[in-house]
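Worksheet: one structure, shown below.
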Amino acid sequence: MEASVAPKRPVIFSGIQPTGIFTLGNYLGAIKNWAPLQEENDCIYSIVDEHAITVRQDPAKLRESALRALAVLIACGIDPKKSILFIQSHVPAHAQLSWVLSCYCQFGELGRMTQFKDKSQKNADNINAGLFTYPALMAADILLYQTNLVPVGEDQKQHLELSRDIAQRFNHLHGDTFAIPEPYIPKVGARIMSLQEPQKKMSKSDANVNAFITVLDDEDTILRKFKRAVTDSEAEVAYREGKDGVNNLMTIYSVVTGKGFEEIEREFAGKGYGDFKLAVGQAVADHMKPVREEFQRLYADKAYLKEVYREGAEHAAHLARRTLDKVYRKVGFVPAK
Ligand code: TRP
């Protein structure tokens, strides 16, 4: 028998919506940072299809996007043997806990969420109740697994803050039930901007396809989009205020090559933007090639994907059930067994 008990590793949870295909921004800003976390933490990553239907989705496309997302995550280095990888709708405890938590969260709190305000403006014809209670479902995702750390971008910090408030409120009323999650800010975070309007975040829903790179774009497409990237009229590769386009390209180049900004400035001193954009495009194409090829291989292997999401859901459901049982007991539900 082992004499020593291994210290409990931090639990990390993050969710990603299966809508469309991930961009270079999603990859460099989030997903790329997830794989290294597996070594020292218990990581749980979910494809949150229940969140996705808060805006109208085409059913066939949603199904396809969820499987693609799964294949992309594995291709990006998330190892189903090391982490739990599952599809949210496969684990009923998410919807179940979400209901309970929505009773511990105020109308006023939900109404203050900036994402709700943005999305209800953009979807004025479908301001459904799910769009409003979305943060209660997100809190359920996180709190079910006694999560310690949540890697999130800027736009999700307010939701995470609300999850913490709900957890604290519940613990205060009913005694210790949930771990209180902290935001996890990666050491090397990168905010990738649009290639066409570099003041805006890179988005897969941009009407201009030249504004974003997807993780599945081939080399020619990547080179072409970088060639068309917006810069400025100075012809100087330097990281400076006001040079949004160049700053963005330098950030991308830096993340994929590991070179610092000064090194990049030296490399392109006296050269034009044409050379620079070609180099960035080539570096991105080289960096993404193995991910794309691995994705294609995995996406063709539906039996393997099924095995992964089944095992992931089984494992997740087991952990989630423990927290849900505790919550049901604390709120006063009669035990079913
Ligand atoms: N709301 C997140 C987004 O749109 C996705 C998400 C759902 C999530 N549940 C989560 C992120 C739990 C972190 C933790 O990006």
Side-chain angles (χ1 to χ4, degrees), residues 10-23 25-34 37 41-55 57 62 65-66 69-70 72-73 78 83-98 101-102 105 110 113-120 122-123 130-167 178-186 189 191-192 201-205 312-313 316 319-320 323:
V11 175
I12 291 190
F13 183 98
S14 201
I16 193 150
Q17 293 204 40
T19 45
I21 196 64
F22 301 143
T23 66
N26 299 128
Y27 177 69
L28 297 180
I31 308 168
K32 188 173 185 276
N33 297 312
W34 289 4
L37 294 172
N41 306 276
D42 288 339
C43 295
I44 307 172
Y45 297 121
S46 182
I47 292 155
V48 292
D49 51 355
E50 291 173 330
H51 279 93
I53 63 162
T54 54
V55 297
Q57 302 290 338
L62 180 62
S65 296
L70 186 76
V72 169
L73 293 181
I78 295 173
S83 299
I84 300 178
L85 191 53
F86 73 102
I87 297 174
Q88 185 184 32
S89 61
H90 292 177
V91 180
H94 289 253
Q96 291 170 308
L97 182 62
S98 168
L101 297 183
S102 70
C105 168
L110 292 170
M113 295 293 116
T114 54
Q115 183 176 291
F116 171 69
K117 293 188 220 168
D118 287 353
K119 285 200 180 174
S120 40
K122 284 190 199 136
N123 303 279
L131 195 63
F132 189 64
T133 58
Y134 178 113
L137 179 59
M138 180 158 158
D141 297 342
I142 297 167
L143 301 179
L144 274 174
Y145 301 97
Q146 304 296 335
T147 300
N148 304 110
L149 296 169
V150 184
V152 277
E154 227 12 83
D155 62 326
Q156 295 298 318
K157 279 214 186 119
Q158 199 186 22
H159 288 160
L160 181 58
E161 200 51 50
L162 182 56
S163 303
R164 288 167 54 88
D165 291 345
I166 295 173
F178 300 122
I180 308 299
E182 304 276 345
Y184 173 83
I185 316 289
R191 190 168 146 83
I192 308 300
K201 198 175 137 183
M202 182 180 283
S203 162
K204 61 193 161 200
S205 49
L319 297 173
T323 301

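These values consider heavy atoms only, across backbone and side chains, with no hydrogens, waters or symmetry-generated copies. Here, residue 1 is the first one in the sequence, and each next residue gets the next number. For ligands, and for the atoms within them, numbers begin at 1 and follow the listed sequence.
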May I have every N or O pair linking ligand 1 to the protein at under 3.5 Å, one per line with atom names and distance?
| residue | atom | partner | partner atom | Å |
| --- | --- | --- | --- | --- |
| ligand 1 | 1 (N) | Tyr134 | OH | 2.7 |
| ligand 1 | 1 (N) | Gln156 | OE1 | 3.0 |
| ligand 1 | 4 (O) | Gln17 | NE2 | 3.1 |
| ligand 1 | 4 (O) | Tyr134 | OH | 3.0 |
| ligand 1 | 4 (O) | Gln156 | NE2 | 3.4 |
| ligand 1 | 9 (N) | Asp141 | OD2 | 2.7 |

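With a 4.5 Å cut-off on side-chain heavy atoms, Leu319 and Leu144 do not count as touching. Taking 4.5 Å as the limit, every side-chain heavy atom of Tyr184 sits out of range of all side-chain heavy atoms of Asn33.
How far CG of Leu85 is from CG of Leu70: 5.0 Å, rounded to the nearest 0.5 Å. Ser46 OG to Phe86 CZ: the interatomic distance, rounded to the nearest 0.5 Å, is 3.5 Å.
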Checking Gln88 against Asp141 for the side chain to side chain donor-acceptor pair (under 3.5 Å) test, could you report, in this order, the C-alpha distance in whole Å, the side-chain angles of both residues, the deciding distance, and whether it holds?
CA-CA 8 Å; Gln88 185 184 32; Asp141 297 342; 2.9 Å; yes

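Between Tyr145 and Phe13, the ring planes are parallel. Angles under 30° get that label, and only those over 60° would be called perpendicular.
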